[in-house]
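A short write-up of the structure that comes next.
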Amino acid sequence: MPGKFKVELVTPQGSVLDKEVEEIVAPGIMGEFGVLVGHTPMLTFIKPGVFSYLENDRFHRFVVGPGFCEVLGDAVTVLVDDACAVEEIDAAAASSELSQLEQELEKMDAAADPAAYEKMLNKVKVARTKVSAARAS
Amino acid sequence: MASLRDIRKRIASVKNTQKITNAMKMVAAAKLRRAEEAVGAARPYADKMRDVLASLASRTNPAAHPMLLTSDTVQKVLLVQITSDRGLCGGFNANLNRRAEAFIREMKAKGIQVDLLNVGRKGHDYFRRRPVTIAERFLNVMNKVTFDLAENIARVLTEKFISGEYQEVYILYNRFKTAATQIQTLRKVLPASPEEGGGSRQLEYLYEPSEEELLAAILPKYVEVQVYTSLLDSVASEHGARMTAMEAATSNAEEMIYKLTLKANRLRQETITKELMEIVGGAEALKG
């Protein structure tokens with residue numbers, strides 16, 4: 001039985017997750033990484049993708065937006081723009097959202113406003129991950 | 001002396017006013033509930049953000065990023081003042097304006113010039129006629145506070161700080177506590193220096209990708225989040241203050257109506273008595 005540590009998943013819309021877990025897997029900017037208890041302190045970016053934690057031999061998955069993650073001692077703090085539990089995703093709604101966002105992205109000019117383009121691109125990535133996660137589950 | 005008709009008119013007018021204040025109270029209460037939820041939801045993120053930044057900043061060299069750099073000689077500071085766009089909310093704006101003035105005086109005594117960045121019409125209206133430079137204004141925005149708005153404000157103040165125009169940036173707003181209490185809060189936003197006595201924990205720490213890149217991404221975000229939560233706090237406080245003020249106004253109107261009704265009744269009684277006396281007097285005279 002591995003040790004447990006505290007993980008908090010927080011978005012600007014509120015705290016999504018705050019519990020003691022055995023393991024997490026997060027989509028880091030340098031690739032996916034796992035954290036077990038006793039991990040070296042670390043700070044890294046999170047890119048849009050699937051974040052999951054292990055509790056009672058079962059992985060619980062979330063689709064998350066960009067943000068960052070701090071691993072410090074026996075606590076992990078994940079701050080992301082957006083987070084949604086995979087079970088709560090409505091596949092139909094997610095795919096219509098994706099196509100709508102993709103259209104908006106088409107219309108935007110990457111050179112004119114790189115920051116806004118980047119933001120929209122991230123939204124599209126989150127939507128894409130939602131669709132594929134909903135399909136897989 | 002006011003005639004009975006005058007008093008009745010007065011009662012009707014106070015009743016109308018009471019209806020309005022009561023309606024405003026209801027509206028404020030409904031808006032307050034929503035604003036309160038928004039504040040409650042955004043706070044954990046902002047608090048965590050501050051924690052992460054504090055622990056990051058305490059371990060890094062301030063020279064690593066311009067937004068961490070403290071200036072030795074402070075000559076000009078920027079004060080971001082968040083007020084409401086509309087009045088009728090008690091001492092909400094007046095208190096904040098007084099606090100801002102006190103701050104400006106205090107800084108002046110130290111030889112520091114304070115410029116203002118006004119968010120919300122009321123603070124701007126107040127300082128427009130005073131000898132203070134208003135560097136930037138965001139008016140009529142409190143109706144709908146979005147993250148985009150916070151981003152815009154944050155961008156403006158970050159630019160002004162990095163260009164060296166201002167050496168420090170403060171934010172002044174009403175922090176929401178309960179519907180009846182708001183706490184005026186003055187907070188330094190930039191430089192984002194760690195709080196005193198944070199202690200430099202020299203842990204072995206991994207940065208992915210690099211410390212500089214992380215700081216460059218987190219610091220602007222930090223400022224945005226600080227501005228955003230301040231705005232949300234201010235909105236919730238405004239509705240709270242308005243609700244309290246309107247409740248007081250409604251009960252004052254109630255009291256006024258009571259007093260006026262009493263007066264009107266007494267006057268009516270008096271008139272009747274007088275008329276009766278006249279009739280009786282007339283009858284007596286006929287008898288004689």
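Just so we're on the same page: letters track the sequence lines, and every chain starts at 1. Side chains are part of it too, since the values below use all heavy atoms of this structure and drop only hydrogens, waters and symmetry mates.
Sparse packing is recorded around CE of B:Met26, with 12 or fewer heavy atoms of other residues, nucleotides or ligands lying under 6.0 Å away. Counting non-hydrogen atoms of neighbouring residues, nucleotides and ligands closer than 6.0 angstrom, the NZ atom of A:Lys6 exceeds 12 such neighbours.
For the pair A:Leu72 and B:Val52, the minimum side-chain heavy-atom distance is 4.5 Å or more. Side chains of B:Asp51 and A:Thr77 form no contact here, defined as non-hydrogen atoms less than 4.5 Å apart. For the pair A:Val78 and B:Lys48, the minimum side-chain heavy-atom distance is 4.5 Å or more.
In this structure, A:Phe68 CZ and B:Leu214 CG are separated by 8.5 Å, a value rounded to the nearest 0.5 Å.
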Verdict with supporting geometry, B:Tyr45 and A:Asp81, side chain to side chain contact (heavy atoms under 4.5 Å, CB included): CA-CA 10 Å; B:Tyr45 190 78; A:Asp81 286 356; 4.0 Å; yes
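For A:Val16, no part lies near chain B; criterion is any non-hydrogen pair under 4.5 Å. Residue A:Glu70 touches chain B through its side chain alone, counting heavy-atom pairs closer than 4.5 Å.
With chain B as the partner, the residue from A:Ile29, A:Thr44, A:Asp18 showing the most heavy-atom pairs under 4.5 Å is A:Thr44.
Contact residues of residues 134-163 of chain B toward chain A are B:Asp148, B:Glu151 (heavy-atom distance under 4.5 Å).
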